[in-house]
Amino acid sequence: MIDHRNSAVPIDPVKLDRLAEVAVKVGLGLRPGQDLLLTAPAIALPLVRRIAVHAYKAGAGIVTPILSDEEMTLARYRHGQDNSFDRAANWLYEGMAKAFSDNTARLAIVGDNPMLLSGEDPSKVARASKANSIAYQPALEKIVNFDTNWNIIAYPSPSWAKQVFPDDPEDIAIGKLADAIFAASRVDREDAMGNWASHNAVLRERTNWLNGQRFRALQYSGPGIDLSIGLADGHEWEGGASLSKNGISCNANIPTEEVFTTPHCRRVFGHVVSSKPLSYQGTLIDNIAVRFEDGRIVDAKASRGAEVLNKVLDTDEGARRLGEVALVPHSSPISQSGLLFYNTLFDENAASHIALGQCYSKCFVNGAQLTPQQIAAQGGNQSLIHIDWMIGSAETDIDGILADGSKVPVFRKGEWAK
C-alpha cells in the first residue's frame, strides 16, 4: 500500500502505464494498422498519453483524442442560450459512426465528477441528455452491435476522488481512488496480462454453463425482490472477452465481473428494489422500487431522485423495459471494497443488475446476422437509453427456469450455486 501522505505523486505511474497497456492489448485487442478514436476528460491526459504510446507500439494507424472539460460543460449550463439544450453535435457523432464503420477502434476514459450537474437546472440536463442520446444513435448502434472493438476504462480525477472520499484531503483522495481503480482493473500486480487471461477464462466457464442450460427465465427472490425475468428467444450469455464483428476479441469494460444477456422485453413480471444507489447525471437515485407487468414498468418510486427517475422512464417506449440482465456475485472485488464509486462502470460490478433500455444484439445466437426487426421479434428491446442499476445482494437467490418449468439453482445468498 502506498503511503500517499508522503508521496508527491498520488497516482502510481507504473500502474497507470500498466492500465494503459491492458486497455490497448486486452480491452481493445488493437490490431496493427487500426485507427483509434479516444474520448477522455482533459484531466486524464497522463493516461491518454500512455495509451497513445502503447497504441502506436501495437501498430496503431492514427490515434485521435477528443477531450472534454468540466468547466466548459458547466459554462454551457450557466451561460448557454436556452434553445441550445435541445441540440447536440450531430456532425461529430455522424463522423464517429463513419469511423466505426471503417474499423476504427473506440476507447472511452471516464473520470468526470459524477455530481457535476447536481446544481444545474434538471430540465436543461434532461433536455440536453435526450438531444445527445438522439444524436449519438448512429455511433451507439455501432457500439452496442459490436461492429468494432471497444473499451471503457477510468482515471481518478480530483473531483471524482473527492466524491468517493469526501473526508480526505484531495491528494489522499486521488491516491485512494487510483488504488481502487487499479485493483478493480486488475493492474495492481505485475502480471496484469496473465491475470486478465485467467479472469476471462473464469467468466467464459460461467457463460458456457449458462448457455448450455438454455433457461427460459430467471426467478429472483430475497428482501424487496420477487421478480421473474424472461430471457429473449435465442439469447446468448456473454462475459469477459467478446468477439466483435470485425473479428477482434475485446474486453469492452475494464473492470468487469459480470456475465450478461438479453431479457425478453415483454416477459418481465413482479417487483424489485435497488440494492445500491444509482448515480445518474448529477443525481443520486436511491431505493428505486419498480413493478413490472408484461415487461413494462407500470409503477416506479425512489426515496431520492424520483423526479429524475421518472423523466428517464419517459424517454421513449423502450425506457420502461429491460435491455440487459447481468449476474455478479456478492463476493466480487468491487463489492468487497465497500466503496460506492458513483460510476456505473464500477458500481454495476458490485452486484447483479438489470439495465433499462437498449439491448445488445451481441447477446443473441448468430446476433451479427440478425436484423433489428428480428431482434425485436425475439424479445430484444430498443431505446435511446441504456442505464444499469443494481438489484443483487448477499441475500439474493436466483433460479433458472427451464422450458419444462423445472428450476435450477443459479445463485444462493448472492453467490454462484455451483
Side-chain angles (χ1 to χ4, degrees), residues 39-44 66-93 96 108-140 143 152 154 157-164 166 274 276-290 297 300-320 323 340-348 355-358 383-390:
T39 59
I43 195 73
I66 300 175
L67 303 180
S68 60
D69 176 72
E70 292 183 0
E71 291 300 320
M72 291 181 67
T73 298
L74 290 175
R76 179 189 184 192
Y77 282 91
R78 294 171 183 175
H79 308 293
Q81 294 184 348
D82 183 73
N83 61 6
S84 77
F85 295 96
D86 297 311
R87 299 175 54 228
N90 298 65
W91 58 271
L92 175 63
Y93 296 130
M96 292 173 70
I109 300 174
V110 299
D112 280 332
N113 179 1
M115 295 295 154
L116 181 67
L117 302 179
S118 60
E120 305 308 314
D121 184 340
S123 66
K124 288 183 177 179
V125 174
R127 288 162 57 200
S129 175
K130 184 170 184 176
N132 201 64
S133 295
I134 293 171
Y136 188 47
Q137 274 302 105
L140 180 62
I143 297 300
I152 305 175
S157 70
S159 57
W160 181 21
K162 284 295 290 179
Q163 285 293 331
V164 181
S274 63
K276 294 180 181 292
L278 167 64
S279 176
Y280 181 74
Q281 294 186 342
T283 297
L284 202 64
I285 308 176
D286 206 358
N287 295 313
I288 301 170
V290 300
I297 293 176
K301 300 175 183 177
S303 64
R304 180 178 179 184
E307 180 182 356
V308 173
L309 173 64
N310 282 289
K311 283 183 181 294
V312 169
L313 294 176
D314 290 337
T315 300
D316 54 28
E317 168 58 25
R320 288 181 176 268
L340 178 65
F341 284 84
Y342 298 89
N343 185 298
T344 301
L345 177 64
F346 290 82
D347 292 333
E348 73 169 3
L356 303 172
Q358 180 66 40
S383 176
L384 291 171
I385 67 167
H386 181 95
I387 301 174
D388 302 83
W389 52 284
M390 287 55 75

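FYI, side chains are in, hydrogens and waters are out, and symmetry mates aren't considered; it's all heavy atoms of this structure. Computed from a prediction, not measured in an experiment: that's the story for all the values here.
Looking at every heavy atom in both residues, R304 comes nearest to L284 through CG-O, 3.3 Å. The nearest pair of heavy atoms linking Y280 to S129 is OH-OG, 3.7 Å. What you find for I43 and P158 is that their closest heavy atoms are CG1-CD, 3.8 Å.
Annotation: salt bridge (Lys or Arg N to Asp or Glu O under 4.0 Å) contacts involving residues 117-134, sequence neighbours excluded, comprise R78-E120, D82-R127, D86-R127. For the ring pair (Phe, Tyr, Trp, His ring centres under 6.0 Å) condition, the pairs that include at least one residue of residues 117-140, sequence neighbours left out, are Y93-Y136.
At least one side-chain heavy atom of L117 sits under 4.5 Å from a side-chain heavy atom of T73. Residues S279 and D347 fail the side-chain proximity criterion, which asks for heavy atoms closer than 4.5 Å. Residues L309 and K301 are not in side-chain contact: their nearest non-hydrogen atoms beyond the backbone lie 4.5 Å or more apart. Two residues are said to be in side-chain contact when any heavy atoms from C-beta on lie closer than 4.5 Å; D286 and S303 meet this criterion. By the 4.5 Å heavy-atom criterion applied to side chains, E70 and P41 are not counted as neighbours. The shortest distance between side-chain heavy atoms of V125 and V308 does not fall below 4.5 Å. A heavy-atom distance below 4.5 Å is not found between the side chains of T283 and P122. The shortest distance between side-chain heavy atoms of L92 and I66 falls below 4.5 Å.
Evaluation of the side chain to side chain donor-acceptor pair (under 3.5 Å) rule for S383 yields D316 as partners, not counting sequence neighbours. Applying the side chain to side chain donor-acceptor pair (under 3.5 Å) rule to T39 yields the partners R106; only residues at least two apart in sequence or on another chain are considered. For Q163, the side chain to side chain donor-acceptor pair (under 3.5 Å) test picks out no residue, with sequence neighbours left out. Remark: N90 engages no residue in a side chain to side chain donor-acceptor pair (under 3.5 Å) (not counting sequence neighbours).
With 3.5 Å as the limit, one finds no donor-acceptor pair spanning the side chains of S159 and N113.
Aromatic ring pairs are classed by plane angle as parallel below 30°, tilted from 30° to 60° and perpendicular above 60°; the pair F341 and F346 is parallel.
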